[in-house]
Undergrad: 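The structure under discussion is supplied below as structure tokens; questions concerning it will follow.
What's counted below: heavy atoms across the whole structure, side chains too, no hydrogens, waters or symmetry copies. Start at 1 with the first residue, then count along the sequence.
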Amino acid sequence: MHDKLPLEACCAYVLIVTAVYWVSEAVPLGAAALVPAFLYPLFGVLKSSEVAAEYCKDTTLLLMGVICLAASIEKWNLHKRIALRMVMIAGAKPGMLVLGFMCCTVFLSMWLSNTSTTAMVMPIAEAVLQQLISTGVADTQEDSETVEATEDDCLSGTAALSLPAVNISLPTVETNGTGRKASKPKKEKESKDSRYPTKRDHMICKCLSLSITYAATIGGLITITGTSTNLIFAEQFNNRYPDAKVINFGTWFIFSFPIAIIMLLLTWVWLHFLFLGCNFRETCSLSKKRKTRREMLSERKIHDEYIKLGPISYPEVVTGVFFILMTLLWFTREPGFVPGWTSLFEKKGYRTDATVSVLLGFLLFLIPARRPFSRAPRTTAGDGSAERDPDPLAPMITWKDFQNLMPWEIVILVGGGYALAAGCKVSGLSVWIGRQLEPMSGLPPWMVTLLACLLVSAVTEFASNPATLTVFLPILSALSETLQINPLHTLIPATMCVSFGVMLPVGNPPNAIVFSYGHVQISDMVKAGFGVNLIGVLVVMLAIMTWGVPLFNLTEFPEWAIDRNVTGSL
């Protein structure tokens, strides 16, 4: 009976049902992504074997290799060392402290998931905030008092104040933010106002907390592996336009890195203006001659936490080398302006970024964590205690370490998106949608892109980022082909803007983690997030209209899109 229905209608039904499940989250996102796996064969759109093949692609292997590296970074506390070192460089002035945490979070989020990065950095930020609060209780009246920032003064100030017993631990936090309770001062059980000595302390807590979730989002834009939406775009684009050969790690980085830098600075200015005021000279001074007593104590607390990590260990060095090596091999694979290392092989097109990722990830299971001809290494546990690994040949990471970080739900979700895209292509639904959008042909390309960015950034506030992008990519691809616009002109901005769901705690997991610490209210997130959302859309539009044009040759409708358009019409 279903075979008599038009394939376009059957595919549209499957797409709508899956989208409803994704938006409503009536079932887990991964479970909803399995809907095409049984509805497409039942409706005769795709064979079961054809649908199954869509659920594991090249990007799945790429993600697995990156997760291996992320597992090693977490296991050996390299992320804490990087974060604390960068904050030590920035200092304890509120403005510079926020900027230091943002830079650190952006860097980590380039390689780790936004959620993992936020969960790693937020406990460190919470420790610093609790230090500000606890010292503020002791010297609220002396908040503006300045002293000479010498080593002796810092030590005497610490001894004189006799810090309250604030049990601050820096665990490798799960995404539910459970590290918060261990770092709360005892005063919190009193009235709400007693948690913060002054209103300014509360504003600093709000500013620093929100800056971390926004910085994690910004950092995720920079690399293809930075966030799942980038992976979804890359795989769907390469599947739809196999002859394009324009999206790789290098080209994406060149385009997105300036976006991230501009967004980072503008977001910092916006948050500073919103929560700390316009006195940048007072809150961002780099002078070490005049510091408040509590700023000195905060710097000392950060320094003490760094000292607890001990000297850099052999596994940290190995992880750092692998980190740098993976980045270099990604950059030099096909840089575009010079021949890459793949040109050394006779057969072309066999090696991708996933090849590098999986190779280095595999080696982490093989290389022992103990330095050759040395005693057993010390493994730093989450509570700061040290344990000795009884196995002298224990590898850098174990399969359990990998399993704890591997986001299988995202893998299935991405696979469901590929299955939907394949169904739209085979059934002709994408062509039909493109024909319905022909009345928009009179609009200039920049207007089409702006409308797509605004629509996507609005929808993603209430729906998950991967689900939103998965639904919109086939529609925007068909629209671009119909209007004879380079598909990258709409797809890349839409992919970036889908990450700007930063106005509500439900917008993305990092928002929820930061919200769970209790420093910010929903009204704070809406007010600050609206500005960040606007900044993001404007900067992405600036990029696609300027340096994106020569990088992706956006002024012409490319041959690879013409071939796809002709094939789809047939």
Side-chain angles (χ1 to χ4, degrees), residues 58-59 221-224 226 229-262 330-340 342-343 348-349 352-353 421 425 430 434 437 440-453 456 469 472-498 536-569:
D58 184 65
T59 47
L221 301 176
I222 300 178
T223 60
I224 285 288
T229 51
N230 293 356
L231 288 170
I232 292 172
F233 159 74
E235 188 63 35
Q236 286 208 18
F237 179 82
N238 290 329
N239 279 352
R240 189 178 182 94
Y241 308 106
D243 297 328
K245 307 296 183 186
V246 291
I247 297 297
N248 55 49
F249 186 90
T251 56
W252 184 272
F253 184 88
I254 293 171
F255 176 75
S256 59
F257 185 72
I259 293 177
I261 295 299
I262 297 173
W330 276 345
F331 266 115
T332 57
R333 182 175 66 85
E334 288 180 355
F337 52 91
V338 293
T342 54
S343 62
K348 308 300 180 185
T352 65
D353 290 339
K425 177 180 177 180
S430 59
L437 298 173
M440 297 180 64
S441 58
L443 295 176
W446 69 267
M447 180 65 72
V448 175
T449 302
L450 179 60
L451 291 175
C453 290
V456 166
L469 188 66
F472 275 94
L473 279 180
I475 298 175
L476 294 177
S477 297
L479 173 63
S480 300
E481 293 167 8
T482 302
L483 303 183
Q484 299 288 295
I485 300 173
N486 190 319
L488 293 174
H489 205 295
T490 56
L491 298 183
I492 291 180
T495 299
M496 293 198 159
C497 288
V498 84
V537 171
L538 293 178
V539 173
V540 168
M541 286 300 300
L542 171 68
I544 205 67
M545 299 298 293
T546 53
W547 64 86
V549 174
L551 182 62
F552 298 115
N553 195 20
L554 299 179
T555 55
E556 299 178 359
F557 190 59
E559 292 185 4
W560 45 263
I562 295 175
D563 296 339
R564 170 63 182 81
N565 203 15
V566 172
T567 305
S569 300

Undergrad: Measuring from atom CG of L450 to atom CD1 of I544, what distance do you get when rounded to the nearest 0.5 angstrom?
TA: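 If we round to the nearest 0.5 Å, L450:CG and I544:CD1 are 12.5 Å apart.
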Undergrad: Which is it for F237 and L488 under the side-chain contact (heavy atoms from CB on, under 4.5 Å) test, yes or no, and what are the steps along the way?
TA: CA-CA 9 Å; F237 179 82; L488 293 174; 3.5 Å; yes
Undergrad: Any chance you could lay out the side-chain contact (heavy atoms from CB on, under 4.5 Å) test for I492 and F233, step after step, and finish with the verdict?
TA: CA-CA 8 Å; I492 291 180; F233 159 74; 3.8 Å; yes
Undergrad: From F557 CZ over to N486 CG, what is the distance, rounded to the nearest 0.5 angstrom?
TA: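 If we round to the nearest 0.5 Å, F557:CZ and N486:CG are 8.0 Å apart.
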Undergrad: How far apart are the closest heavy atoms of R240 and S477, and which atoms are they?
TA: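 Between these two residues, the closest heavy atoms are NE-CB, 3.2 Å.
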Undergrad: Working to the nearest 0.5 angstrom, can you tell me the gap between T229 OG1 and I224 CD1?
TA: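 Reported to 0.5 Å precision, the distance equals 9.5 Å.
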Undergrad: Is the shortest side-chain heavy-atom distance between L538 and V540 below 4.5 Å?
TA: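 L538 vs V540: side chains apart.
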Undergrad: Looking at residues at least two apart in the chain, or sitting in another chain, which of them share a side chain to side chain contact (heavy atoms under 4.5 Å, CB included) with T546?
TA: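 For T546 the side chain to side chain contact (heavy atoms under 4.5 Å, CB included) partners, ignoring immediate neighbours, are L542.
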Undergrad: Over all heavy atoms of both residues, which pair between C497 and V456 is shortest? Give the atoms and the distance, please.
TA: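 Closest heavy-atom pair between C497 and V456: C-CG1, 4.3 Å.
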Undergrad: Measure the shortest side-chain to side-chain distance between F552 and P558 over non-hydrogen atoms and say whether it is less than 4.5 angstrom.
TA: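 A side-chain contact under 4.5 Å is absent here.
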Undergrad: Looking at residues at least two apart in the chain, or sitting in another chain, which of them share a ring-ring contact (aromatic ring centres under 6.0 Å, His included) with F253?
TA: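 F253: ring-ring contact (aromatic ring centres under 6.0 Å, His included) contacts with F257, F331.
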Undergrad: Would you give the length of the straight line joining atom CG of L476 to atom CD of Q236, rounded to the nearest 0.5 angstrom?
TA: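 One gets 11.0 Å once the value is rounded to the nearest 0.5 Å.
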Undergrad: Does W547 reach the side chain of I254, with side-chain heavy atoms less than 4.5 Å apart?
TA: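 Of all side-chain heavy-atom pairs linking I254 with W547, none is under 4.5 Å.
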Undergrad: Ignoring hydrogens, what is the shortest heavy-atom contact between I247 and A234? Give both atom names and the distance.
TA: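 Heavy atoms only, the tightest pair is CG2-CB, 4.5 Å.
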Undergrad: Could you give the distance from NE2 (H489) to CE (M545), rounded to the nearest 0.5 Å?
TA: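 With rounding to 0.5 Å, NE2 (H489) is 5.0 Å from CE (M545).
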Undergrad: Starting at OG1 of T490, measure out to CG of L483 and round the result to the nearest 0.5 Å.
TA: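 Here the interatomic distance stands at 9.0 Å.
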Undergrad: May I have the step-by-step check of side-chain contact (heavy atoms from CB on, under 4.5 Å) for N230 and T223, ending in yes or no?
TA: CA-CA 8 Å; N230 293 356; T223 60; 5.7 Å; no
Undergrad: For S256, what residues pass the side chain to side chain contact (heavy atoms under 4.5 Å, CB included) criterion, not counting sequence neighbours?
TA: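 Only I222, W252, M496 meet the side chain to side chain contact (heavy atoms under 4.5 Å, CB included) criterion with S256.
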Undergrad: Passes side-chain contact (heavy atoms from CB on, under 4.5 Å), T495 versus L473? Steps please.
TA: CA-CA 8 Å; T495 299; L473 279 180; 4.2 Å; yes
Undergrad: Distance-only, no hydrogens or angles: does the W560 side chain make a donor-acceptor pair with backbone N or O of P242 under 3.5 Å?
TA: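 No, the answer is negative, given that no donor and acceptor are paired below the 3.5 Å cut-off.
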Undergrad: List the atom of P487, the atom of Y241, and the distance in Å for their closest heavy-atom pair.
TA: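 So the two residues come closest at CG-OH, 3.5 Å.
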Undergrad: P445 and I485: which non-hydrogen atoms are nearest, and at how many Å?
TA: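 In this case the closest contact between P445 and I485 is CA-CD1, 4.0 Å.
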